[in-house]
Trainee: 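One structure, as structure tokens, below. Some questions next.
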Amino acid sequence: MTLIATRPGPGAARPYRFPAVVRRQVAGGQVVAAHLPGQNLAVALLLLDAGAGREPVGKEGLGGVLAKALEEGTAQRDATAYALAVEGLGTELVTALDWDSFQVSVQVPVDRLTAAVELLAEAVRTPRLDPDDVRRVRDDEATALRMDWANPGPRADAALRAELYGAQNRWGRPMYGDPDSVAGLDVEDVTVFHSEWFIRPGTLIVVGDLDRVDLDALGAAAFAGAGGGPVERGGPIEVPTRTGRRVILVDRPGSVQSTLRLGHPSPHRAHPDHMPMMLTATVLGGAFTSRLNHLLREVRGYTYGVHADFGAARRFGRFAVASGVQTAVTAPALVEAVGEITRTQAGGVTEDEVAVARAWRAGQLSVELQSPRAIAAALTTLVVHDLPDDYHARLRESLLGADAELVSTAAATHLRPDALTLVVEGDAAVIRDELVAAGLGELVDHPG
């Protein structure tokens with residue numbers, strides 16, 4: 001018996017409306033808020049310009065250590081007393097770090113929001129940073145990284161980043177550092193980083209029923225004790241694109257699989273082509289029905305899955321493809337992946353492919369941006385990347401208005417198949433000759 005199934009077409013994108021954005025200056029800082037009428041839960045997020053990009057070269061991982069150290073008590077309370085105060089409000093401190101920002105947030109019922117913001121500010125502005133606690137947190141973080149780096153992937157990711165941006169630059173090193181960089185941090189590194197970046201006011205993001213919230217009082221609580229003027233954010237970094245492809249071989253003796261990372265530099269997050277670039281990546285490798293996944297998984301059977309995207313920070317970006325394949329098909333998988341990227345760049349995409357991608361992306365907004373935390377994260381995007389306040393309100397219409405010509409132009413402009421760096425983490429003794437024979441580019445052994 002033969003079963004023939006026809007893939008269903010895209011449905012209509014779900015309707016979605018992003019709440020209006022409110023901005024005001026309070027106590028030397030900025031408050032950015034969104035009104036959710038009748039919502040009993042509220043989120044407050046303190047956004048600091050203290051991302052991984054602010055860490056000195058050689059001191060990677062400072063932000064991660066400091067994030068954990070904030071939970072070890074404050075100048076006013078020891079760790080136990082502080083934990084009890086936070087738990088008494090029915091919340092927790094949630095920290096997040098990216099290249100551009102450090103974020104600390106709480107989610108509580110609206111009537112507890114002011115008290116929660118006061119506790120949040122206490123941890124951020126006046127952490128205890130006891131030397132013994134800092135060293136313990138550092139050692140825990142280094143151990144966790146050692147365990148992570150024992151798995152396939154982190155070394156390949158680090159090799160690709162160093163090749164794209166240069167290991168002499170902070171953005172050419174892992175965002176969270178590596179086991180050695182974290183283990184090498186000392187207490188003074190952490191305290192100095194805190195004094196330089198965590199005392200500045202920053203931006204308070206508030207999402208909830210604003211009719212029941214005093215934004216001025218929340219801003220005063222969040223920015224109490226803060227000082228210092230705005231810092232230089234810097235413009236987009238001009239990253240040179242290499243001429244010709246290069247294959248970097250990261251040896252993992254005895255591995256039965258090869259971890260693949262392909263990439264090249266691309267524009268920063270606020271670039272006007274970001275939306276069509278996102279749709280390009282969706283068609284190429286951003287969804288289960290994508291070209292790369294169909295070819296490498298469904299047709300060739302080389303992998304369980306492959307993903308491609310344009311990742312972007314405030315000052316730089318990168319196009320990347322990630323997958324894992326059986327050792328025996330490492331070279332063929334790379335040839336097929338490069339070929340599909342080349343075809344997409346040269347030939348563009350079809351209207352049917354764009355219809356699926358735009359319907360999925362637009363329809364997901366009603367799912368991805370429905371909770372207070374998700375809306376708070378969206379507001380941080382506006383602040384960090386200097387996007388207009390109506391960006392998210394217009395995003396659905398922008399997605400639905402994209403056509404094959406727009407996306408194909410983005411593919412032709414921003415995909416650079418001839419400038420790809422191909423990182424392969426696998427058993428070098430088994431795959432080296434086939435990689436050379438494939439002729440994909442100059443092969444270089446990674447020193448790590």
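Along the sequence shown, residues carry numbers from 1. Computed from heavy atoms alone, side chains included, the values below leave out hydrogens, waters and symmetry copies.
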Trainee: Within the supplied structure, the quantity of interest is the number of heavy atoms (other residues, nucleotides, ligands) at a distance under 6.0 Å from Gln76 CD; does it exceed 12?
Mentor: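 Correct, the count exceeds 12.
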Trainee: With side chains defined as the heavy atoms from C-beta onward, is the minimum distance between Leu204 and Val206 less than 4.5 Å?
Mentor: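 Yes, at least one pair of side-chain atoms sits under 4.5 Å.
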Trainee: Taking everything shown except Gln168 itself, do over 12 heavy atoms lie less than 6.0 Å from its CD?
Mentor: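 Atom CD in Gln168 is packed in, count exceeds 12.
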Trainee: Are any of the side-chain nitrogens in Arg135 or Asp140 under 4.0 Å away from the carboxylate oxygens of its partner?
Mentor: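 The answer is no: the pair does not qualify as a salt bridge.
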Trainee: Which heavy-atom pair separates Arg358 from Ala402 by the least distance, and what is that distance?
Mentor: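 Shortest heavy-atom contact: NH1-O, 2.6 Å.
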Trainee: Look at atom CD of Glu298 and say whether more than 12 heavy atoms of other residues, nucleotides or ligands are closer to it than 6.0 Å.
Mentor: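 For Glu298, atom CD is crowded (more than 12 foreign heavy atoms under 6.0 Å).
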Trainee: State whether Glu196 and Arg54 are salt-bridged, where the test is any N-O pair (Lys NZ or Arg NE/NH1/NH2 against Asp/Glu carboxylate O) under 4.0 Å.
Mentor: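 No.
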Trainee: Set out, in order, the CA-CA distance, both residues' side-chain angles and the distance that settles salt bridge (Lys or Arg N to Asp or Glu O under 4.0 Å) for Arg136 and Glu72, then state yes or no.
Mentor: CA-CA 10 Å; Arg136 174 172 48 79; Glu72 300 297 325; 2.9 Å; yes
Trainee: I'd like to check the side chain to side chain contact (heavy atoms under 4.5 Å, CB included) partners of Arg300; sequence neighbours left out, ordered by chain and number.
Mentor: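 If we apply the side chain to side chain contact (heavy atoms under 4.5 Å, CB included) test to Arg300, skipping adjacent residues, the hits are Leu295, Tyr302, Glu336.
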Trainee: Please find the pair of heavy atoms, one from Leu292 and one from Glu340, that lie closest to each other, and give the distance.
Mentor: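 The pair with the smallest heavy-atom distance is CD2-CB, 3.7 Å.
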Trainee: Checking side-chain polar atoms at under 3.5 Å, does Asp98 have a donor or acceptor matched by the opposite partner on Ser101?
Mentor: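 Present: a donor and an acceptor within the cut-off.
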Trainee: So, for Ala374 and Glu368, which heavy atoms are closest and what is the spacing to 0.1 Å?
Mentor: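 Shortest heavy-atom contact: CB-O, 3.0 Å.
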Trainee: So, does Thr327 use its side chain to make a donor-acceptor pair with the main chain of Val256 at under 3.5 Å?
Mentor: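 Here the side-chain-to-backbone pair exists.
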Trainee: Evaluate Asp309 against Arg318 for salt bridge (Lys or Arg N to Asp or Glu O under 4.0 Å), listing each step before the verdict.
Mentor: CA-CA 8 Å; Asp309 68 356; Arg318 62 99 185 99; 2.8 Å; yes
Trainee: Between Arg173 and Glu55, is there a side-chain N and carboxylate O pair less than 4.0 Å apart?
Mentor: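 No, no charged N to carboxylate O under 4.0 Å.
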Trainee: Mind checking whether Glu163 and Val423 have side chains closer than 4.5 Å, heavy atoms only?
Mentor: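 They are not in contact (no side-chain heavy atoms under 4.5 Å apart), so the answer is no.
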Trainee: Taking atom CG of Leu395 and atom CG of Asp390, what is their separation to the nearest 0.5 Å?
Mentor: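 Here the rounded value is 11.0 Å.
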Trainee: I want to check something: taking the side chain as every heavy atom from C-beta on, are Arg252 and Thr259 in contact at a cut-off of under 4.5 Å?
Mentor: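 They are not in side-chain contact.
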Trainee: Hey, mind stepping through Val57 and Asn169 against side chain to side chain contact (heavy atoms under 4.5 Å, CB included) and telling me if it holds?
Mentor: CA-CA 7 Å; Val57 172; Asn169 300 311; 5.8 Å; no
Trainee: Please find the pair of heavy atoms, one from Ala44 and one from Val117, that lie closest to each other, and give the distance.
Mentor: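 Distance-wise, the nearest heavy atoms are CB-CG2, 3.5 Å.
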Trainee: Main chain of Asp418, side chain of Arg242: is a donor-acceptor contact present, judged purely on distance under 3.5 Å?
Mentor: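 Checked: no pair found.
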Trainee: Using atom types as modelled and distance alone, determine if a side-chain donor or acceptor of His194 lies under 3.5 Å from a backbone N or O of Val124.
Mentor: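 A pair under 3.5 Å: yes.
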Trainee: Are Trp149 and Asp178 side-chain neighbours, meaning at least one heavy-atom pair lies under 4.5 Å?
Mentor: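 The answer is yes; the side chains approach within 4.5 Å.
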Trainee: With Asp386 as reference, evaluate Arg315, Arg314, Arg269, Arg233 under the salt bridge (Lys or Arg N to Asp or Glu O under 4.0 Å) test and give the passing residue.
Mentor: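 Option passing the salt bridge (Lys or Arg N to Asp or Glu O under 4.0 Å) with Asp386: Arg233.
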Trainee: I'd like to know whether Tyr165 forms a side chain to side chain contact (heavy atoms under 4.5 Å, CB included) with Phe316, so could you lay out the CA-CA distance, the side-chain angles of the two residues, the decisive distance to 0.1 Å, and finally the verdict.
Mentor: CA-CA 9 Å; Tyr165 304 116; Phe316 58 86; 3.7 Å; yes
Trainee: Can you confirm whether the side chains of Glu434 and Thr330 place a donor and an acceptor under 3.5 Å from each other?
Mentor: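 Thr330 and Glu434 do not have a side-chain donor-acceptor pair below 3.5 Å.
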Trainee: So how far is it from Asp148 CG to Thr143 OG1, rounded to the nearest 0.5 Å?
Mentor: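 Asp148 CG to Thr143 OG1: 12.5 Å, rounded to 0.5 Å.
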Trainee: If you measure from CG on Asp133 to CG on Leu129, what distance do you get to the nearest 0.5 Å?
Mentor: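 Output value for this atom pair is 9.0 Å.
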Trainee: Which ring-ring contact (aromatic ring centres under 6.0 Å, His included) pairs, counting each pair once, include a residue from residues 362-417, with sequence neighbours left out?
Mentor: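 Found Phe18-His392, His271-His414.
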Trainee: Got a second to check how far Leu249's CG is from Ile431's CD1, nearest 0.5 Å?
Mentor: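 If we round to the nearest 0.5 Å, Leu249:CG and Ile431:CD1 are 5.0 Å apart.
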Trainee: Before you tell me yes or no, could you show the steps for Thr280 and Val349 under side chain to side chain contact (heavy atoms under 4.5 Å, CB included), namely the whole-Å CA-CA distance, both residues' side-chain angles and the distance that decides it to 0.1 Å?
Mentor: CA-CA 8 Å; Thr280 297; Val349 300; 5.6 Å; no
Trainee: Atom CG of Leu415 and atom OG1 of Thr342: how far apart are they, to the nearest 0.5 Å?
Mentor: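 Those atoms lie 9.0 Å apart.
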Trainee: Examine distances only and state if a side-chain atom of Thr203 and a backbone atom of Val31 form a donor-acceptor pair shorter than 3.5 Å.
Mentor: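 No; zero donor-acceptor contacts below 3.5 Å.
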Trainee: Is atom CD of Glu405 surrounded by more than 12 heavy atoms (other residues, nucleotides or ligands) closer than 6.0 Å?
Mentor: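 Not more than 12 within 6.0 Å, no.
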Trainee: Would you say the side-chain atoms of Arg161 pair up with the backbone N or O of Trp171, donor to acceptor, closer than 3.5 Å?
Mentor: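 Side chain of Arg161 to backbone of Trp171, a donor-acceptor pair under 3.5 Å: yes, one is there.
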Trainee: So does Arg23 pair up with Asp389, basic N to acidic O under 4.0 Å?
Mentor: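 Yes.
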Trainee: Considering all heavy atoms of both residues, which atom of Ala281 and which atom of Phe310 are nearest to each other, and what is their separation?
Mentor: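 Where Ala281 meets Phe310 most closely, the heavy atoms are CB-CD1, 3.9 Å.
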Trainee: Is there a side chain to side chain contact (heavy atoms under 4.5 Å, CB included) between Arg361 and Thr282 once you walk through the steps?
Mentor: CA-CA 9 Å; Arg361 288 289 185 184; Thr282 302; 2.9 Å; yes
Trainee: What's the verdict on salt bridge (Lys or Arg N to Asp or Glu O under 4.0 Å) for Asp78 and Arg128, showing C-alpha distance, side-chain angles and the deciding distance?
Mentor: CA-CA 8 Å; Asp78 63 21; Arg128 184 173 293 256; 5.7 Å; no
Trainee: Any side-chain heavy atom of Asp403 sitting closer than 4.5 Å to one from Glu351?
Mentor: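 Asp403 reaches Glu351 side chain to side chain.
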Trainee: Distance-only, no hydrogens or angles: does the Gln257 side chain make a donor-acceptor pair with backbone N or O of Gln326 under 3.5 Å?
Mentor: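 No, the answer is negative, given that no donor and acceptor are paired below the 3.5 Å cut-off.
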Trainee: For the backbone of Val65 and the side chain of Arg138, can you confirm whether one donor and one acceptor N or O come within less than 3.5 Å of each other?
Mentor: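 Side chain of Arg138 to backbone of Val65: no pair is present.
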Trainee: At their closest point, which heavy atom of Gly227 faces which heavy atom of Pro201, and how far apart are they?
Mentor: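 Looking at all heavy atoms of both residues, the shortest contact is O-CD, 3.7 Å.
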Trainee: Looking at Phe102, is its backbone amide N or carbonyl O close enough to the side chain of Thr95 to form a donor-acceptor pair, meaning the two atoms are under 3.5 Å apart?
Mentor: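 No, because the side chain of Thr95 does not come within donor-acceptor range (under 3.5 Å) of the backbone of Phe102.
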Trainee: Flag yes if more than 12 heavy atoms outside Arg416 fall under 6.0 Å of its CZ atom; otherwise flag no.
Mentor: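 No, CZ of Arg416 has 12 or fewer neighbouring heavy atoms, counting only those of other groups under 6.0 Å.
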Trainee: Can you tell me how far the CG atom of Leu262 sits from the OG1 atom of Thr421, to the nearest 0.5 Å?
Mentor: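 Going from CG on Leu262 over to OG1 on Thr421, the span is 9.0 Å.
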Trainee: Would you mind reporting whether Val321 and Val306 have side-chain heavy atoms less than 4.5 Å apart?
Mentor: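 In short, these two side chains touch, coming nearer than 4.5 Å.
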Trainee: Among Asp445, Asp251, Asp427, exactly one meets side-chain hydrogen bond (donor to acceptor under 3.5 Å, both in side chains) together with Arg432. Which residue is that?
Mentor: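 Output: one option passes, namely Asp445.
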Trainee: With side chains defined as the heavy atoms from C-beta onward, is the minimum distance between Ile205 and Val383 less than 4.5 Å?
Mentor: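 Sidechains of Val383 and Ile205: in contact.
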Trainee: Got a donor-acceptor contact below 3.5 angstrom from the Arg125 side chain to the Phe198 backbone?
Mentor: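 Present.
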Trainee: Are Ile341 and Phe319 close enough that some pair of their side-chain heavy atoms sits under 4.5 Å apart?
Mentor: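 Of all side-chain heavy-atom pairs linking Phe319 with Ile341, at least one is under 4.5 Å.
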